[in-house]
Amino acid sequence: MAADHHYDPAEIEPRWQQVWADEGTWQVPNDTGDDPTSYVLEMLPYPSGEPHIGHLKVYSVGDAVAHFHRRTGSRVLHPMGYDAFGLPAENHAIKTGQHPRDSTDAAITEFQRQFRRWGISIDWTREFGTHEPRVYRWTQWIFLELFRHGLAYQKEAAVNWDPVEETVLANEQVVDGRGERSGAVVEVRQLKQWFLRITDYADRLLADLDSIRWPEHVKTMQRNWIGRSEGAEVVFRNEELAVDYPVFTTRPDTLFGATFFVMAPEHPDVLRLVEGTEQEAEVRDYVNRALTADKALRGDLDKEKTGVALGRTVTNPVNGEELAMYVADYVLMEYGTGAIMAVPAHDERDFAFAQAYGLPIRRVIGSPQETAGSPCEDELEGLPYTGDGPLVNSAPEFDGLHNRAALEAIVRWLDREGKGHSSVNYRLRDWLISRQRYWGTPIPIIHCPRCGAVPVPDEDLPVVLPDVEDYKPRGRSPLAAAEDWVHTSCPRCGGAAERETDTMDTFVDSSWYFLRYCDARNDSAAWDPDVVARWMPVDQYIGGVEHAILHLLYARFFTKALADLGHLPDEIQEPFAALFTQGMILRDGEKMSKNRGNVVSPKTLVQRYGADTARSYILFIGPPDQDADWSDSGVEGMHRFLGRLWRLAAEAADELPDDRVPDIDPARPDDERLLRKAHWAIDKVTTDMSERFNFNTAIAAVMELLNEVTPVKRGEASPGAVRFTLATAASLIFPFAPHVATDAYHLLTGERVWEQPWPSADPEYLEAPTFELVLQVNGKVRDRVQAPSDASRDQLVALARASGRVRQFIDGNEIVKEIVVPGKLVNVVVRPAA
RNA sequence: GCGGGCGUGGUGGAAUCGGUAGACACGCCGGCUUUAGGUGCCGGUGGCGCAAGCCAUGGGGGUUCAAGUCCCUCCGCCCGCACCA
């Protein structure tokens, strides 16, 4: 026996990687004929520094899926690229003066190097970064398509303004209401900005969730984010100033219970309403405090309700009552119309406010227990009451009606009287894409004093990001400093005009990159719709759950909008047919971070153990959708396992007769045992990969298989059976540890495992002639015996009664019944004899 | 506060449909081999008990012949959202 076989991933892995690179093994043409296709995609990585352990995990999962799909008969598109625009590179540039392009390209080079070292099966011919002009040219084209069809528009919106840096801050740069760098208290500023009309798609984004295979909790999060609610818009009028204030309510049935009226501090009319009155100073003060307060804090303390009376009233359209107006920060400008009718009897927040300010409370819905005959009219007990019941204290035509029925009746009445109408409201807001940043896709618009916002003609795309000397915004976007670039002529009238200096949110880039992969080299169009039709939708999308809302919602919106505009086949309404969300890798129960100094570097890991060990271990530590705790000692176990597989394969190869496939003798008990275990493992791994993503148990099954074929355990098995078992183990572990699997398989068979179809389990070997029958008395296991697999229920009961250990527990007792679970157990239920 | 998860040996985890709790691995203990070994191989390993056996899936209760799995309740932890009218 050759004792000098030594598992050396540093030799094996580069050798096969070279073959794959030389032969372009993972490249896939767009013309795939009639072959079934599959598109496997991991979420686009942001290239910064070098890849972290999360990248290794997501690509270990994705690569396993891609390999499995290939070997089960599909042509697989498995591309990658880089989400190359973004804030960290820009901050780095502000600090060091290094161009963001340079630091980003350096990171990309490092990503390329490590991904190749990991042996991920990527079609590198389709690689791109979103910062390349040949790519963002089409990002700009998509923006213009949306603009031309009314889906992109400008309006004023509030931003976080750092008065010291003279910069707009991202939410994540605001810490406790202060700028992250400057420490200055952040102000609210209104800026004219670009929006995309995602709210037009709210209903379809909601409805089509039913058509995709996504984790239920992600769908729930998206549904809640869109937040559709049905109700009515009701108009309350201020007679003094003759202004109408519409409000949205989900509870028009409680209109008769409205006792006051509240506006959000941001509501543009609040200050106008008190101008020149004695309330002005107090209201102004309150509004200022509300606007500058930490947004999180404003929502936080649900105890203290604060507000100020405006000294004005509005009229309740259903009964003509005058309701006092207030401003209070519990009302949000972003939701509904920024003003509400307050019904303290049936809303908890309104109730708390009414209590704090001594405002009237009127019950208009009785509790369901009360009969119509005895409504508890002035009974404030049990309030606020948010349940259902009959209407009371409302108009005669509605009193006594169940509130659900009354709701519709009241809306109909409002509609007839022209005082309101039924209405649907969404929590979802339009997508603000303007960024006052340098490192992003320029918005391809020219502002002309005469023609307004004019699109850059398609033939002038891309609008290339100009070089600037200073990346720091000084009161405006950094692009404004490139004056030669800014000053241009209007494409429409030829007059002097200026370019838009905002760039786009990087979520725009990642909302369509998956389409570009399909046709990445196309320089005459963003993609060819026929080519996209071949690959889309993505069959399996994989990424972190932190993108459950924004990225995934934006990508869905883009797909629908592009289909509507005729750029995608109509049937492609969803970008990602199936989604898998992976958990984080923790260390000592904590997130890995540079601050904590507990980072595990994939580079070091791969250098020390090889890519196969690193990838397999990450998949082995737990179900990939759950968070997993890293342990250094566990890696050694995986390395030992792969080493054992390779060594056994190398030794078995030495013993194989030259140029001859050895026979297997199923009559030999040890051969039969190995065959059974091998087919069991094939079945187990196949199920784990196709029906669930439990790679940890799939790998465990291969470990079991290998344990069965060690020199001691294999017994008298023939060389053919040993070879088959080891080759099967290599074949099954290939999606997780492609290099060692390939090498071991090649040693044993001379074949390339990736060219072999996925093994299929022979049902004959999955069924054993006997099984272990568990015998219970009163639900407790008392014995186990071998039983024929085809035994009848009576035979199984007979076996149970024949067991001495069972009899010991039933003797002297009365048998009440016998439960038989075929193939599993017999449970004898007894009770003491009378 | 609302929504969604989770809680199993010393550790990571397994138990896929209500049917043998602890697969597989780490760690630990013992042995063999090689000893240059931090290699390799074999065996043991939930707790209590000499044993028969009993007890064990965060705590308590329930349903059931049978509960880690279903129901109620309490505790703890994690994630998301946050006064959504």
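Every chain is numbered from 1, with letters handed out A, B, ... down the list of sequences. As the structure is a computational prediction, the values presented were derived from the model and not from experiment.
- In the set B:rA25, B:rA23, B:rU16, B:rA23 carries the atom at the smallest distance from any side-chain atom of A:Ala700.
- Residue A:Arg223 places none of its side-chain N or O atoms closer than 4.0 Å to OP1 or OP2 of B:rG3.
- One P atom belongs to B:rA36, the other to B:rG27, and the distance between them is 25 Å to the nearest Å.
- Pair assignment for B:rC17 gives none, since no Watson-Crick or G-U wobble pairing has each distance under 3.5 Å.
- Side chain of A:Pro623, nearest nucleotide from B:rA85, B:rG13, B:rG19: B:rG13.
- In this structure, the CG atom of A:Leu550 is 12 Å from the C1' atom of B:rG80, given to the nearest Å.
- Atom name P, nucleotides B:rG1 and B:rG10: the rounded distance is 33 Å, in whole Å.
- Across all strands shown, the partner of B:rG7 is B:rC75, judged by Watson-Crick or G-U wobble contacts whose two distances both fall under 3.5 Å.
- With B:rC84, B:rG3, B:rG19 as the choices, the nucleotide that has an atom nearest any side-chain atom of A:Thr220 turns out to be B:rG3.
- A salt bridge links A:Glu216 with A:Arg223: the closest approach of a Lys/Arg side-chain nitrogen to an acidic carboxylate oxygen falls below 4.0 angstrom.
- Distances shorter than 4.0 Å separate none of the side-chain N or O atoms of A:Arg640 from OP1 or OP2 on B:rC24.
- A:Gly637 comes within contact range of the sugar-phosphate backbone alone, with a heavy-atom separation under 4.0 Å but no base atom that close.
- Per the geometry, CG belonging to A:Asp625 stands 14 Å off C1' belonging to B:rC79, to the nearest Å.
- Note on A:Arg429: nothing from the nucleic acid sits closer than 4.0 angstrom, heavy atoms only.
- Across all strands shown, B:rG1 is found opposite B:rC81 as a Watson-Crick or G-U wobble partner, with both distances under 3.5 Å.
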For this session: Give the intermediate values and the outcome of ring-ring contact (aromatic ring centres under 6.0 Å, His included) for residues A:Tyr357 and A:Phe260.
Result: CA-CA 11 Å; A:Tyr357 290 84; A:Phe260 55 101; 8.9 Å; no
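- Note on A:Asn707: a side-chain N or O is less than 4.0 Å away from OP1 or OP2 of B:rA25.
- At the phosphate of B:rC55, OP1 or OP2 sits under 4.0 Å from a side-chain N or O atom of A:Lys780.
- Closest non-hydrogen pair, A:Leu619 versus A:Ser60, comes out as CD1-O, 3.8 Å.
- For the P atoms, the distance from B:rA85 to B:rG18 is 36 Å, rounded to whole Å.
- Set against B:rA15, B:rC54, B:rC41, the side chain of A:Arg782 has B:rC54 as its closest nucleotide.
- Counting any heavy atom pair closer than 4.0 Å across all strands shown, A:Phe620 reaches a base atom.
- In terms of position along RNA chain B, the nucleotide closest to A:Met221 lies nearer the 5' end than the nucleotide closest to the other residue of the pair A:Arg251 and A:Met221.
- Closest contact between the side chain of A:Ser229 and the listed nucleotides B:rA85, B:rG3, B:rC24 involves B:rA85.
- Distances shown here put a side-chain N or O of A:Arg692 below 4.0 Å from the OP1 or OP2 atom of B:rA15.
- Of all the heavy atoms in A:Tyr245 and A:Val314, the pair that sits closest is CD1-CG1, 4.2 Å.
- Residue A:Lys684 is classed as a base contact, given a heavy-atom separation below 4.0 Å to a base.
- The CG-P distance, from A:Asn425 to B:rA85, rounds to 8 Å in whole Å.
- Glycosidic torsion of B:rG9 falls within 90° of 0, placing the base in syn.
- Salt bridge annotation for A:Glu708-A:Lys713: absent, with no cationic side-chain nitrogen under 4.0 angstrom from a carboxylate oxygen.
- Taking atom C1' on both B:rG3 and B:rG59, the two are 25 Å apart, rounded to the nearest angstrom.
- Contact check, A:Thr697 against B:rA15: no side-chain N or O comes under 4.0 Å of OP1 or OP2.
- If you check every strand for non-hydrogen atoms under 4.0 Å, A:Ile621 touches sugar and phosphate atoms only.
- Side chains of A:Asn403 and A:Asp388: a donor-acceptor N/O pair is present below 3.5 angstrom, by distance only.
- Between A:Arg349 and B:rA82 there is no side-chain polar atom (N or O) within less than 4.0 angstrom of OP1 or OP2.
- Here A:Gln776 lies in heavy-atom contact (under 4.0 Å) with a base.
- If you check B:rC48 for Watson-Crick or wobble pairing at under 3.5 angstrom, you find it paired to B:rG53.
- For B:rA67, there is no paired base (Watson-Crick or G-U wobble, both distances below 3.5 Å).
- Within a 6.0 Å radius of CZ in A:Arg608, other residues, nucleotides and ligands contribute 12 heavy atoms or fewer.
- The interatomic distance linking A:Asn696 (CG) with B:rG12 (P) rounds to 14 Å, in whole Å.
- A straight line from CD1 of A:Ile699 to P of B:rA23 spans 18 Å, rounded to a whole angstrom.
- Nearer to the 5' terminus of RNA chain B, by closest-nucleotide assignment, is the contact made by A:His217 (compared with the other of A:Arg805 and A:His217).
- Among the heavy atoms of the strands lying under 4.0 Å from A:Val774 is at least one base atom, whether or not backbone atoms are also near.
- Taking the O4'-C1'-N9-C4 or O4'-C1'-N1-C2 dihedral as appropriate, B:rC17 has a value within 90° of 0 and is therefore syn.
- Using the Watson-Crick or G-U wobble rule with both distances under 3.5 Å, B:rG43 pairs with B:rC29.
- A:Glu772 comes within 4.0 angstrom of a base, heavy atoms only.
- Rounded to whole Å, the separation between the C1' atoms of B:rA56 and B:rC48 comes to 11 Å.
- Remark: A:Glu704 does not engage A:Lys684 in a salt bridge, criterion side-chain N to carboxylate O under 4.0 Å.
- Per the geometry, OH belonging to A:Tyr330 stands 16 Å off C1' belonging to B:rA82, to the nearest Å.
- Checking B:rA85, B:rG19, B:rC81 against every side-chain atom of A:Leu332, the shortest atom distance belongs to B:rA85.
- Between the side chains of A:Asp430 and A:Thr199, at least one donor N or O sits under 3.5 Å from an acceptor N or O.
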